[in-house]
There are 2 protein chains.
Amino acid sequence: METSTVDPWHALADPTRRKVFARVAHGQCSVTEIARDLPVSRPAVSQHLRVLLDAQLVDVHQQGRERLYRPRLSGLEGLRRELESYWSQTLTRFKDVAEQTYEPTTPAPEGKTR
Amino acid sequence: METSTVDPWHALADPTRRKVFARVAHGQCSVTEIARDLPVSRPAVSQHLRVLLDAQLVDVHQQGRERLYRPRLSGLEGLRRELESYWSQTLTRFKDVAEQTYEPTTPAPEGKTR
DNA sequence: ATAACGCGTAAGTTACTACTTACGCATCCG
DNA sequence: CGGATGCGTAAGTAGTAACTTACGCGTTAT
C-alpha cells in the first residue's frame with residue numbers, strides 16, 4: 001500500500017517533529033498533551049506522530065479515549081549504527097590527517113580567502 | 001557571516017546527500033569522483049556538498065584544480081549527543097514498561113495506576 | 001596561447017511537505 | 001440520552017528543496 005517504512009533520518013529532520021519525538025522519548029504522553037507545548041495545531045501533531053510511527057520511532061496504545069505514545073527502539077537502532085559508522089570513519093580520517101600533517105604542495109589553508 | 005549553521009539532521013536527511021557524505025566519510029575525495037558513482041549531475045553534488053559544509057559535516061581544501069572534501073567531527077558531535085540522549089531515554093522507558101510501572105508525566109497520584 | 005579539465009553558481013522547473021481548517025468517529029460524563 | 005473530550009483524516013495551500021542546464025572562472029596540459 002503505502003510506504004511501509006519511513007526513513008528515520010527523514011522523520012527526525014523536521015524540527016517540530018523532532019520536538020514531538022523528544023517529548024515522547026522523555027515520557028509517554030497523549031496527542032493533546034504534546035500539542036499544548038507546541039506552536040502548531042493538534043492535527044499537525046497527529047500527522048507528525050504518524051510519520052514517527054511509520055519510521056518505527058514511536059509506539060502507540062489506546063487507553064480509554066486517549067492514545068498514548070511512547071518511544072520505540074527499532075527505529076533508532078539503524079540510525080545509531082549508521083551514525084556510529086560515520087563517527088568512527090571520521091575519527092580515522094582525522095587521525096590520518098593529524099599524523100601526516102599536511103601536503104606541502106598546497107598553500108596555507110588558513111590564509112584568508114577574503 | 002554564515003550565521004546560518006545548517007541543522008545536521010536536515011543535512012543528512014536527504015538520501016542522495018547522505019550517500020555523498022558516506023563517500024566522503026569513507027575517504028577524502030573530489031566532486032567529480034563522487035558524482036561518478038551517483039545518478040545525479042555534478043552540480044547537484046556540489047550543492048549537496050555546500051549543505052554538508054554549512055552543517056560542518058565536511059571540510060574542503062583546494063589542491064591544484066581539484067577540491068578535496070573530507071569529513072569533519074564538529075557537525076557530527078551534536079547529532080551524536082542528541083541521538084544518544086534519545087537512545088538512553090527510550091531504553092529507560094522500555095525498562096519501565098517491562099516492569100509494568102509506567103509513571104505519568106506530571107507529578108501525580110501516588111498509587112499504582114490501576 | 002589554446003584547449004581541456006574541475007569546479008561553483010545562477011536560473012528555472014517540479015515535487016514534496018508542513019501547516020491550516022473542517023469534518024466524522026469513538027469514548028467518557030452529566 | 002445528549003454534550004463534551006480526544007483523536008485521526010481529508011482537502012487545500014504556501015513555502016521549500018532537489019534536481020536540471022547554462023555559464024564563467026581558475027588551473028593544468030599540449
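Chain letters run A, B, ... following the sequence lines, proteins first and then strands; every chain starts at 1. Remember, it's a predicted structure, so these values are computed and weren't measured experimentally.
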From [atom1] of [X] over to [atom2] of [N], roughly how many Å is that when rounded to an integer?
X       : N      : atom1 : atom2 : result
B:Glu33 : C:dC5  : CD    : C1'   : 15 Å
A:Arg36 : D:dT5  : CZ    : P     : 13 Å
B:Gln63 : D:dG26 : CD    : C1'   : 16 Å
B:Glu66 : D:dT28 : CD    : P     : 10 Å
B:Ile34 : D:dC19 : CD1   : C1'   : 17 Å
A:Arg67 : D:dG6  : CZ    : C1'   : 10 Å

Using distance alone, with no hydrogens and no angle criterion, decide if A:His61 and A:Glu66 have a side-chain donor and acceptor under 3.5 Å apart.
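Note: A:His61 and A:Glu66 side chains miss the donor-acceptor criterion.
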Decide whether B:Glu84 and B:Ser88 meet the rule of one side-chain donor and one side-chain acceptor closer than 3.5 Å.
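There is no such pair between these side chains.
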Aromatic rings A:Tyr86 and A:Trp9: how do their planes relate, parallel, tilted or perpendicular, breaks at 30° and 60°?
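Tilted, since the angle between the ring planes falls between 30° and 60°.
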Name the pairs: protein N/O against N/O of nucleotides 16-26 of chain C, kept only if under 3.5 Å.
unit_1 : atom_1 : unit_2  : atom_2 : d
C:dA18 : OP2    : A:Arg17 : NH1    : 2.9
C:dA18 : OP2    : A:Arg17 : NH2    : 3.2
C:dA18 : O5'    : A:Asp14 : OD1    : 3.3
C:dC19 : OP1    : A:Thr16 : OG1    : 3.0
C:dC19 : OP2    : A:His48 : NE2    : 2.0
C:dT20 : OP2    : A:Ser41 : N      : 2.8
C:dT20 : OP2    : A:Ser41 : OG     : 2.7
C:dT20 : O4     : A:Gln47 : NE2    : 3.0

For residues 35-55 of chain B, which residue pairs pass the ring-ring contact (aromatic ring centres under 6.0 Å, His included) check, not counting sequence neighbours?
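Sorted result for residues 35-55 of chain B: empty, none.
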Does a nitrogen or oxygen in the side chain of B:Tyr69 sit under 4.0 Å from OP1 or OP2 of C:dG6?
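So the side chain of B:Tyr69 is outside the cut-off, no N or O lying under 4.0 Å from OP1 or OP2 of C:dG6.
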More than 12 heavy atoms of other residues, nucleotides or ligands under 6.0 Å from CZ of B:Arg23: yes or no?
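Counting other residues, nucleotides and ligands, CZ of B:Arg23 exceeds 12 neighbours.
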Between A:Asp7 and B:Arg18, does any side-chain N to carboxylate O distance fall below 4.0 Å?
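Between B:Arg18 and A:Asp7 there is a salt bridge, with a charged N closer than 4.0 Å to a carboxylate O.
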